[in-house]
Every structure is written in C-alpha cells, then in structure tokens.
Amino acid sequence: MSALLKSDVKPNAIDEAYYQQLGGWAGIEKVHIVFYDMLFAHPWLKGFFEGKDKALLVSQQTDFMASILGGPKRYYGREPGPAHCHMFITEEVFDVRHQMLGDAMERVRLAPELRAPWLKRDWAMKRALVKTSVDQCVGRYKMEPIIAPPKP
Ligand code: HEM
C-alpha cells in the first residue's frame, strides 16, 4: 500500500506514484477516449481532425502523456511543436481544448485532486503550440496543407 494519500497530490508532484493513482496507462487512456470523442464532435475543433484515425491519436496521446505523468517512456513521435506546426492553433483553440480535457476528466470521474498536475502539464504546452497568425504555420513536409478551420 502506498503511504501517499490522494489528497497529498500537489500540482508539481509528478512521480510514479502519481501515475499509478491515475490508473497507469489505462487510466490515462480512459480520459483520452472521452476527450477525443469530444474533440472529433466539437463544431470548431473537429476541423483539425478531419480524416484522422481517432484510435491512433488516443494511443499516441496516451503514450506521450504517460511519459510526462510519471509513467514509462514509450512515445518516440514528434515533439508537440513540430507535430502541430502546420495547424493554426490560436490561443482560443488551445483554451477550448484545454477546458475540454478538464471536462473529459470530469465525465470519467477522475478524482478531482488528481486533475491539477495533469492539467498543469497540458497547459505548459501552450507556448509551443499557439500561433498568432496563419503565416506562422509551416507544413511538416513539402506541400503539406495548412489546417486552419474557421470558427463557426
Ligand atoms: C497540450 C496540447 C497537445 C498535446 C500534448 C498534443 C499531442 C499530440 C501528439 C503526441 C500527436 C501525435 C504526433 C505525431 O503523430 O507526430 C498529436 C497529433 C495531433 N494533434 Fe495534438 N496535441 C496538443 C494540442 C493539440 C491541439 C490544440 C490541436 C488542435 C485543436 C491538436 C490537433 C492534433 C491533430 C489534428 C493531430 C494529428 C496530426 C496528424 O496525424 O497529421 N493537438 N498531438
């Protein structure tokens, strides 16, 4: 039995005990399954995900987050900046998505005291992803289209 009580989790405390309290990989995946259902259904944000494989994204996102939430390093894909360089992610887009992540945690009833460390790590990606002009977008390969869904 871990001596660490759930109520002891502080926003900065990320270690293996925290990862275990989340329910490990399966616990993070559970949130992401609901989260990506919401993203793919959102009137604005769904425009980013057209033609994408939801199950694959859930799995990549879970590997990535597990690696920064105290779990094993299994993610070998692109870092968030280069992975999203062709997407016009405005601050508002980022904020809508971030809020939705919190809503997904709520929907799966993730213990409230476990949410803040995860949300803090998610929030920390903001600077790497947000662009102020569509001109800042570049394709990941030659001729890759820029994705900039208009706000409905
Ligand atoms: C904390 C914020 C975010 C994290 C940690 C994150 C993480 C990831 C990861 C790990 C991948 C897979 C990368 C790859 O295959 O190269 C990915 C892909 C993707 N992300 Fe994000 N993401 C974030 C924010 C966003 C936002 C705000 C959007 C747009 C609303 C977005 C849309 C996408 C899309 C459409 C893909 C698929 C790219 C493709 O396969 O072509 N992401 N994301």
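Nothing here was measured: the structure is a model prediction, and the numbers come from that model. Remember, it's 1-based here, ligands and their atoms both numbered in the order they're listed.
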Provide, to 0.1 Å, the distance between atom 12 (C) of ligand 1 and the closest protein heavy atom, together with that atom's residue and name.
Gln60 OE1, 3.4 Å

closest protein heavy atom to atom 5 (C) of ligand 1 is Phe64 CE2, 3.5 Å

Write out the residue and atom name of the closest protein heavy atom to atom 31 (C) of ligand 1, then the distance separating them to 0.1 Å.
His84 CD2, 3.5 Å

Under 4.0 Å, heavy atoms only, figure out whether ligand 1 is touched by the backbone of Val93, its side chain, both or neither.
side chain

Which one holds for Met87 and ligand 1: side chain close, backbone close, both close, or neither close, with close meaning a heavy atom under 4.0 Å?
side chain

Does Trp123 belong to the same Ile/Leu/Val/Met/Phe/Trp/Tyr cluster as Leu45, with side-chain heavy atoms less than 4.5 Å apart forming each link?
yes

So which heavy atom in the protein is nearest atom 28 (C) of ligand 1, and how far is it from that ligand atom?
Ile89 CD1, 3.8 Å

Going by the 4.0 angstrom heavy-atom rule, the piece of Arg140 near ligand 1 is side chain

Which is it for Ile147 and ligand 1 at heavy atoms under 4.0 Å: side chain, backbone, both or neither?
neither

What is the nearest protein non-hydrogen atom to atom 8 (C) of ligand 1, stated with its residue, atom name and distance?
Gln61 OE1, 3.2 Å

Does the side chain of Asp95 pick up a donor-acceptor pair with the side chain of Gln99 at under 3.5 Å?
no

Is it the case that atom CD in Glu16 sees more than 12 heavy atoms from other parts of the structure closer than 6.0 Å?
no

Do Val96 and Phe88 sit in the same hydrophobic cluster, where Ile, Leu, Val, Met, Phe, Trp and Tyr count as joined when their side-chain heavy atoms come under 4.5 Å apart?
no

